Amino acid sequence: MPKLKALFATSEVAPLVKTGGLGDVSGALPAALRAIGVDVRILVPGYKPVIAQLAQHRVVATFDNLPGFPPARLLSGKMAHDVPLLVLDCPVLYQRDGGPYQSVSGVDWADNALRFGLLSKIAAVLGCDESPLDWHPDLVHCNDWQTGLTPAYLHFSQGAAPSIVAIHNLLFQGNFSPETVSELHLPPSCYSINGVEYYGKLSFLKAGLFYADHITTVSPNYAKEIQKEPLGFGMQGLLATRRNELTGILNGIDTDEWNPATDPHLAKNYNRARMAGKAANKEALQIRMGLNVAPDIPLLGVVSRLTHQKGLDLLLEIAPRLVELPAQLVMLGTGEASMEKAVRDLTRSYPGQISAHIGFSEDLSHQIEAGADMFVMPSRFEPCGLNQLYSQRYGTPPIVHATGGLADSVVDCTPKTLGDGSASGFAFLGMTAENLFATIQRAIDLYHDQEKWKALRKNCMAKDFSWQRSAETYRAVYLKVLGRQE
Ligand code: ADP
Ligand code: GLC
């Protein structure tokens, strides 16, 4: 049996460029697939930091005459774990200061349809007879709306490989004006309900969900939730129709990158058998963040985009009551201006007890996972969520709203689950500030019972969230789509 070949098209890949979990997944899943024998190559746009970090590269293709698109080149490079990388170099579209999707001031790039139209188009070219490369993928694995048009382009190409679309977050759909259809040189006929049209717009994500051969999403529970209101965000009908071609696969984590025993960002390394280092990390975090150094006051950690999805407004609402308990709170995040302001205001009201860094900081995110006593994630919805997985690995029990992948990956602590060793955090249903407060209080009560708390932390650290099992499931989906057996 020849080796299975997959093109993994993505708009971000850690550590080169990352705004959230998609970057983490794109950095780790291809490596895990390669480890089980799948020949995966990653396609990513040549944003400024990507080109800057590309040590050695070769030009492997040029695209001078793609109708509707500026000239572009394909550069080849390597990621860690030897995963081959194809970088889509088109300076007028990608070489700018700011993020992959937005300017420095947080405004979406006005030409995002063209920027991700090109990414989608090139992924499709590489997956069909037109490809200038010698390497021809058996299948194209697309991720989120930014590569959602790939299955549509493939549908209208000769010799097209099948495609998969992975939904990481259905809230982001890439909807643009109807004129975009002709600007991106899609056939006018595809602008229909049986095609790319979605409530009077061209929707990149809808296109993917309609034309892809298979749809995956990042947890089994979220796969169910998106077939209904409200979490289907308008796509529930289509998703329910395609339920037999929809698979929820829980994300894994990069266990080298997120390993408290070796993590270079930590004040002191520790592992499940030797937990002593955790206290040193708490103290270092309290000092770094200007909190009162207090080993016995429970320290709650947050690392998150500060958006409505993440539900942190509830935490901010109850923060004054938490301080009274007492508890401390440390937050790292960026996002909506109003929420950033609310966080800053709280830190001013409670110096020494509530502290925050508004910004993106890889090392501080690791230090919070290690130094906090518990990790708070009250997301309104969460396709998978990675931080609750990192926090379990770091022996920092998560406190979560039982939705999406949070419900799939955190076992609520009760006398029974603590007794049988399955408990790994605290989960609540009913998205209210009162429920969140009661759950944090429940966690703090257990925290003061040292023996039980120790048992819970050990349970967390014993969990296996490595990518291997999920990679096997992706491979099974690939084989199913290809109608192959092994
Ligand atoms: P989402 O992708 O919805 O933001 P996830 O939990 O899947 O949520 O992934 C978020 C990822 O981004 C995690 O690796 C998290 O540590 C990281 N992250 C989020 N905000 C920040 C920040 N301000 N600084 C550093 N890392 C962050
Ligand atoms: C999205 C989701 C998050 C998920 C991540 C990676 O950003 O919001 O829940 O973990 O993608 O799949």
Side-chain angles (χ1 to χ4, degrees), residues 8 10-15 17-30 99-101 106 141-146 165-173 205 216-223 225-226 231 233 248-255 257-258 263 265 289 301-312 330-336 339-340 343 356-370 372 375-394 396 398 400-401 403-410 465 467 470 474:
F8 190 94
T10 181
S11 56
E12 52 184 274
V13 55
V17 55
K18 159 174 159 183
T19 69
L22 173 61
D24 290 341
V25 172
S26 303
L29 172 58
Y101 318 120
H141 182 144
C142 309
N143 293 279
D144 274 349
W145 74 266
Q146 292 88 350
V165 162
I167 305 170
H168 297 265
N169 194 335
L170 205 56
L171 177 65
F172 305 109
Q173 304 182 336
L205 186 62
T216 61
T217 190
V218 289
S219 68
N221 191 31
Y222 190 62
E225 291 173 340
I226 57 179
L231 295 187
F233 291 110
I249 307 172
L250 193 72
N251 283 334
I253 62 175
D254 184 329
T255 47
E257 176 70 22
W258 294 93
D263 191 331
H265 304 297
M289 295 304 289
V302 170
V303 179
S304 181
R305 288 186 289 116
L306 301 176
T307 63
H308 185 72
Q309 176 194 340
K310 301 294 178 178
L312 293 166
V330 60
M331 303 178 73
L332 165 65
T334 55
E336 290 159 9
M339 206 176 284
E340 290 187 357
V343 171
H357 177 74
I358 304 292
F360 206 89
S361 167
E362 200 64 44
D363 67 335
L364 184 55
S365 72
H366 288 240
Q367 289 161 9
I368 291 177
E369 293 290 4
F375 193 90
V376 191
M377 217 165 156
S379 308
R380 290 195 160 75
F381 70 93
E382 195 62 78
C384 177
L386 295 172
N387 280 300
Q388 83 283 8
L389 307 180
Y390 301 144
S391 68
Q392 287 173 70
R393 182 149 166 85
Y394 279 61
T396 305
V400 304
H401 176 218
T403 181
L406 298 176
D408 280 338
S409 59
V410 177
F465 291 119
W467 266 106
S470 302
Y474 276 100

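This structure is a prediction, so every number in the text was calculated from the model and none was measured. Start at 1 and go down the list; that is how both ligands and their atoms are numbered. Numbers here simply count residues along the sequence, with the first being 1.
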Between [X] and ligand 1, is there a nitrogen or oxygen pair with a distance under 3.5 Å?
{"X": "G359", "value": "yes"}
{"X": "L386", "value": "yes"}
{"X": "R305", "value": "yes"}
{"X": "W258", "value": "no"}
{"X": "T19", "value": "no"}
{"X": "E362", "value": "no"}

What residue and heavy atom of the protein are closest to [atom], and at what distance?
{"atom": "atom 16 (O) of ligand 1", "value": "N387 OD1, 3.2 Å"}
{"atom": "atom 3 (C) of ligand 2", "value": "E382 OE2, 3.3 Å"}
{"atom": "atom 4 (C) of ligand 2", "value": "G385 N, 3.6 Å"}
{"atom": "atom 26 (N) of ligand 1", "value": "F360 CZ, 3.5 Å"}
{"atom": "atom 12 (O) of ligand 2", "value": "H168 ND1, 2.7 Å"}
{"atom": "atom 14 (O) of ligand 1", "value": "D24 OD2, 2.5 Å"}

Identify which of G27, G405, S361 has a heavy atom lying nearest to atom 25 (C) of ligand 1.
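Among G27, G405, S361, the closest heavy atom to atom 25 (C) of ligand 1 belongs to S361.
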Please work out which of G385, P383, G21 has its closest non-hydrogen atom nearest to atom 9 (O) of ligand 1.
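Ranked by closest heavy atom to atom 9 (O) of ligand 1, first place is G21.
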Please state which part of V303 comes within less than 4.0 Å of ligand 1, counting heavy atoms only: side chain, backbone, both or neither.
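For V303, the contact with ligand 1 is made by the side chain alone.
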Measure H168 to ligand 1 on non-hydrogen atoms and call it side chain, backbone, both or neither using the 4.0 Å cut-off.
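Neither; no heavy atom under 4.0 Å.
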With a heavy-atom distance limit of 4.0 Å, tell me whether D24 approaches ligand 2 through its side chain, its backbone, both, or neither.
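The answer is neither.
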Going by heavy atoms in the side chains, are [X] and [Y] under 4.5 Å from each other?
{"X": "V218", "Y": "V25", "answer": "no"}
{"X": "L205", "Y": "F172", "answer": "no"}
{"X": "Y222", "Y": "D408", "answer": "no"}
{"X": "S470", "Y": "F465", "answer": "no"}

Could you tell me, atom by atom, which parts of ligand 2 come under 4.0 Å of a heavy atom of [X]?
{"X": "N251", "value": "6 (C), 10 (O), 12 (O)"}
{"X": "V25", "value": "6 (C), 12 (O)"}
{"X": "G21", "value": "5 (C), 6 (C)"}
{"X": "Q309", "value": "8 (O)"}

Are the aromatic ring centres of F233 and F381 under 6.0 angstrom apart?
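Yes, the ring centres sit under 6.0 Å apart.
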For D144 and L22, run side chain to side chain contact (heavy atoms under 4.5 Å, CB included): C-alpha distance rounded to whole Å, both residues' side-chain angles, the deciding distance at 0.1 Å, then the answer.
CA-CA 9 Å; D144 274 349; L22 173 61; 4.1 Å; yes
Any N/O pair V218/ligand 2 closer than 3.5 Å:
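For ligand 2, there is no N or O atom that lies under 3.5 Å from one belonging to V218.
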